[in-house]
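Below is one structure, written out as structure tokens, with a few remarks after it.
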There are 2 protein chains.
Amino acid sequence: MRRNTWQREAVREALGGTEGFVSAQTLHAGLREAGSEVGLATVYRALADLADAGEADSLQSDGENLYRACTPGSHHHHLICRHCGATVEITADAVETWARDVAAEHGFTAPQHVVDVFGYCAACSRELA
Amino acid sequence: MRRNTWQREAVREALGGTEGFVSAQTLHAGLREAGSEVGLATVYRALADLADAGEADSLQSDGENLYRACTPGSHHHHLICRHCGATVEITADAVETWARDVAAEHGFTAPQHVVDVFGYCAACSRELA
DNA sequence: CTGAGATTGACAATCGTTCTCAATAACGCC
DNA sequence: GGCGTTATTGAGAACGATTGTCAATCTCAG
């Protein structure tokens, strides 16, 4: 049975109100700072649930999992700034079909793919020049 | 100054003689079993060096870094079996240019990309049916 | 309202990885 | 071949992210 608790809701909202990807730790710190006495373990569980339910994207970078709210059901990829963490959602049917084709070509089934592009966004490019 | 030690060579060979991706831990265990008294820390360092020098590919999955030998200088992606770990190297100029274009389109510079396709290989598909 | 059982949270435990630092070994030089 | 400099090693400690534990708590169907 799935129960709705204010903690889970708090995590969902905190995630929704965040630009770019956040780590579970960061999100937890933010919640505490905002006055929510949420346990760290709970944040991890809530995030895993959200990602599982398709309500959040997750990617791993640098040894930690990063999460980001996303519209349920839509499949897309990301363009992520290495410096400031800003993200742009990108969709690319060409890549989708390519992944499916290349998998099929080698006899692979149930293909899933990880496609993310990292770089420096326009602002950070200037700053770092 | 870069020194050549038998340990680094052992890691390079162990990696070269392995099919698919391996974790640092697994590789270390294999070396010990083969009689090489190599330290775990050294394996980590050697792998990081190899990846840095472009002699190995690395990807992170499930919270750990996986490595695989690859021909220096060539850029390619992977088709990885979720079950048996077999990998197929794939090159896709279409994806390369797409990544570069989409990055440029949004003002991003110094684009790097992560493109990997997971699935079940032909053999495992049959086995799991 | 009430009881069953899902959920929470403080803390310990785990796991991969990196750090520390004394001991060792590689390599340029004579 | 010796020698000294100095990168490299390795055992174990330290570390950080994550997951497990388990009693207390809260949700929700009835």
Side-chain angles (χ1 to χ4, degrees), chain A residues 1-15 18 20-53 55-68 80 82 85 114 116 118, chain B residues 1-15 18 20-53 55-68 80 82 85 114 116 118:
Chain A
M1 186 196 302
R2 166 87 170 262
R3 291 179 176 169
N4 291 328
T5 62
W6 64 267
Q7 287 98 332
R8 222 193 295 266
E9 208 49 48
V11 171
R12 194 204 308 275
E13 281 198 15
L15 192 63
T18 306
F21 283 82
V22 241
S23 69
Q25 307 270 351
T26 309
L27 202 65
H28 175 242
L31 282 167
R32 295 301 277 246
E33 206 163 318
S36 297
E37 293 289 328
V38 192
L40 179 56
T42 304
V43 174
Y44 275 100
R45 281 184 289 239
L47 285 174
D49 281 358
L50 286 175
D52 216 52
E55 296 188 51
D57 278 331
S58 73
L59 68 85
Q60 32 189 242
S61 158
D62 225 33
E64 56 181 3
N65 284 326
L66 301 180
Y67 297 88
R68 181 170 198 279
I80 304 147
R82 288 201 119 78
V114 179
D116 287 302
F118 294 86
Chain B
M1 188 196 304
R2 168 84 172 268
R3 291 175 177 173
N4 290 328
T5 63
W6 65 266
Q7 287 97 331
R8 223 192 293 266
E9 207 50 46
V11 170
R12 195 204 308 275
E13 282 197 16
L15 192 64
T18 307
F21 282 82
V22 242
S23 69
Q25 308 268 351
T26 308
L27 202 65
H28 175 243
L31 282 167
R32 296 300 278 247
E33 206 164 317
S36 295
E37 292 289 328
V38 192
L40 179 57
T42 305
V43 174
Y44 274 101
R45 280 186 289 239
L47 285 174
D49 281 358
L50 286 174
D52 216 52
E55 296 189 52
D57 277 331
S58 74
L59 69 84
Q60 31 188 241
S61 158
D62 225 30
E64 59 182 359
N65 285 325
L66 301 179
Y67 296 90
R68 181 170 198 279
I80 303 148
R82 288 202 120 77
V114 179
D116 288 301
F118 294 86

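We use all heavy atoms of the structure for the numbers below, so side chains are in, but hydrogens, waters and symmetry mates are not.
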Rounded to the nearest 0.5 Å, how far apart are CG of A/Leu50 and CG of A/Asp57?
-> 11.5 Å
Using side-chain contact (heavy atoms from CB on, under 4.5 Å) as the criterion, list what pairs up with B/Leu66, not counting sequence neighbours.
-> B/Phe21, B/Ser23, B/Leu59, B/Ser61, B/Glu64
For B/Val43 and B/Ala24, which heavy atoms make the closest approach, and how far apart are they?
-> CG1-O, 3.8 Å
Which parts of nucleotides 16-21 of chain D does protein reach within less than 4.0 Å, heavy atoms only, written one letter per nucleotide 5' to 3' as B for base, S for sugar-phosphate only and - for none?
-> -SBBBB
How many Å lie between CG on B/Leu27 and P on C/dG16, as a whole number?
-> 14 Å
May I have all residue pairs that pass salt bridge (Lys or Arg N to Asp or Glu O under 4.0 Å) and include part of residues 28-48 of chain A, sequence neighbours excluded?
-> A/Arg32-A/Glu37
side-chain contact (heavy atoms from CB on, under 4.5 Å) against A/Arg8, all qualifying residues, sequence neighbours excluded = A/Arg2, A/Thr5, A/Ala46, A/Asp49
Interatomic distance where CZ belongs to B/Arg32 and P belongs to D/dT9 [whole Å] = 14 Å
For A/Ala56 against A/Leu15, the heavy-atom pair lying closest together | CB-CD2, 3.8 Å
What does nucleotides 22-30 of chain C look like as a protein-contact string, B for base, S for sugar-phosphate only, - for none, at under 4.0 angstrom between heavy atoms?
-> ---BBS---
Using atom NE2 of A/His28 as one end and atom P of C/dT8 as the other, report the distance to the nearest whole Å.
-> 13 Å
Nearest heavy-atom approach of B/Leu31 to B/Ala10 is CD2-O, 4.0 Å
State which residues pass side-chain contact (heavy atoms from CB on, under 4.5 Å) with A/Glu13; sequence neighbours excluded, sorted by chain then number.
-> none
How long is the line joining CG of B/Leu47 and P of D/dT8, in whole Å?
-> 15 Å
Overall bend - the helix from C/dC1-D/dG30 to C/dC30-D/dG1, comparing terminal axes fitted on five pairs, nearest 10 degrees | 40°
Separation between CG (B/Leu47) and OG1 (B/Thr42), nearest 0.5 Å, reads 10.5 Å
Between D/dA7 atom P and B/Asp49 atom CG, what is the distance in whole Å?
-> 14 Å
Minimal heavy-atom distance between B/His28 and B/Leu40, with the atoms involved, is NE2-N, 3.4 Å
